[in-house]
Amino acid sequence: MSKLTGSRKATQFTESVIREMTRLNQLHGGVNLSQGFPDFPAPAVVKDAACAAIQADVNQYAVTWGTRSLREAIAREFGRRHGVTVVPDEQVTVCCGATEAMMATMMAIIDPGDEVVIFEPFYENYGPDAILSGATPRYVTLREPAFTFDPDELADAFNNRTKAIILNTPNNPTGKVFTREELGVISALCRKWDVVAISDEIYEHIIYDGCQHVPIASLEGMADRTVTINSLSKTYSVTGWRVGWTISPPSLTGAIRKVHDFLTVGAAAPLQEAGVVALGVPDSYYVEVAAAYQRRRDLLLGILERHHFTCYKPLGAYYIMTDISEFGFRNDLEFARYLVKDVGVAAVPGSSFYRDAAAGRTKLRFCFCKKDDTLLEADRRLAKLSVASAGSRVH
Ligand SMILES: Cc1ncc(COP(=O)(O)O)c(C=O)c1O
């Protein structure tokens, strides 16, 4: 057999459907409500800081685990917001986005055969992350309309082989915000089975209707067994900068830093400098970010309902999960392709968020991290859409 083939690992997962939708959208000149990146500018103060850093010749490798000033800013902000003391030298590792932070963490702590609990629907990277790190995933379903989990089903997923659980709150794709009570149930299981919580909190500031973001690391007994992952991408609208980080217990930091070093060496040095400025903006910035996204959420909810989608109202992050069964298509992929080619709006087929494609067959995810004009253009295009049995529902 030829050796000119991909590895077994690489053949176990497909190309990202989300990024494929973005490419299809470019081909058809559609409105891209698939991949979650803003089409509006980043804050001027953050952009100016990046330009100033380059002009000041911050052009060489930063310390591999992150420039001191950025690690200090990350530790300071986590402590200030959540009352958890973080030691920058021992606990913070700056990576190339939350994406690398998650991959480095999993490769650093997982041995082949270790089980990892993952809630589904999940952010599509977690599947390949599990395969690449050798983890055996155990999926626990978040069930609509509120995307809650059954505590017994969760308890059944834990055993002696469980090494970690991956959490994402506020959640992509569902918009769920895990409550303190739910996190308490998860924490108790982590403590009982000596499991690490890996918590992706990249949408921490994008939260609605008075909901509160609770980092699992702030729960009793959890700081010592939680790796919190975050990034500049979403909070400051700089998804292309690729600056993220982990906050880990000192017992895990060394392993994460080694993996990170050999994967990427480090994140872009001048953009780390800009990250220090970003993390120093006044709290009013975060209030405005949340308010602006809540307004965009309500705008897109109104549009989708008018065009007969059944919507699950998100409490955080910037996506709306919808049910498309009323449109009479065979499955989500067929509908998503029709939508981008014939209607001119790109969205993500629900099956990309489930291990078993059938579970996502009636779902489609739209993002609303877009200018009003973009959302209103989607509204005009969706008018082409016809539905056999008109009538939408909101949960
Ligand atoms: C839940 C979640 N984690 C991580 C990422 C990627 O983050 P980054 O751009 O920092 O790599 C995304 C991007 O959509 C996301 O939705």
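Model, not experiment: these values are computed from the prediction. All ligand and atom numbering here is 1-based and tracks the order in the structure. Residues take their numbers from the sequence shown, with the count starting at 1.
- Legend: residues meeting salt bridge (Lys or Arg N to Asp or Glu O under 4.0 Å) with Glu120, ordered by chain and number and at least two apart, are Arg355.
- Ring pair Phe353/Tyr126: centre-to-centre distance not below 6.0 Å.
- Using modelled atom types, one finds a donor on one side chain and an acceptor on the other under 3.5 Å when comparing Thr22 with Gln35.
- Checked against ring-ring contact (aromatic ring centres under 6.0 Å, His included), Phe37 has no partners two or more places apart in sequence or in another chain.
- Under the salt bridge (Lys or Arg N to Asp or Glu O under 4.0 Å) criterion, Arg381 pairs with Glu377, not counting sequence neighbours.
- Cation-pi geometry between Arg297 and Tyr208 is met: under 6.0 angstrom from the ring centre, within 45 degrees of the axis.
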Ligand 1: protein N/O within less than 3.5 Å of ligand N/O:
unit_1   : atom_1 : unit_2 : atom_2 : d
ligand 1 : 3 (N)  : Asp200 : OD2    : 2.6
ligand 1 : 9 (O)  : Ser233 : OG     : 2.7
ligand 1 : 9 (O)  : Arg242 : NH1    : 2.7
ligand 1 : 10 (O) : Ala98  : N      : 2.7
ligand 1 : 10 (O) : Ser231 : OG     : 2.7
ligand 1 : 10 (O) : Ser233 : OG     : 3.1
ligand 1 : 11 (O) : Ala98  : N      : 3.2
ligand 1 : 11 (O) : Thr99  : N      : 2.9
ligand 1 : 11 (O) : Thr99  : OG1    : 2.6
ligand 1 : 11 (O) : Arg242 : NH1    : 3.4
ligand 1 : 11 (O) : Arg242 : NH2    : 2.7
ligand 1 : 14 (O) : Tyr203 : OH     : 3.4
ligand 1 : 14 (O) : Lys234 : NZ     : 2.7
ligand 1 : 16 (O) : Asn172 : ND2    : 2.8
ligand 1 : 16 (O) : Tyr203 : OH     : 2.6

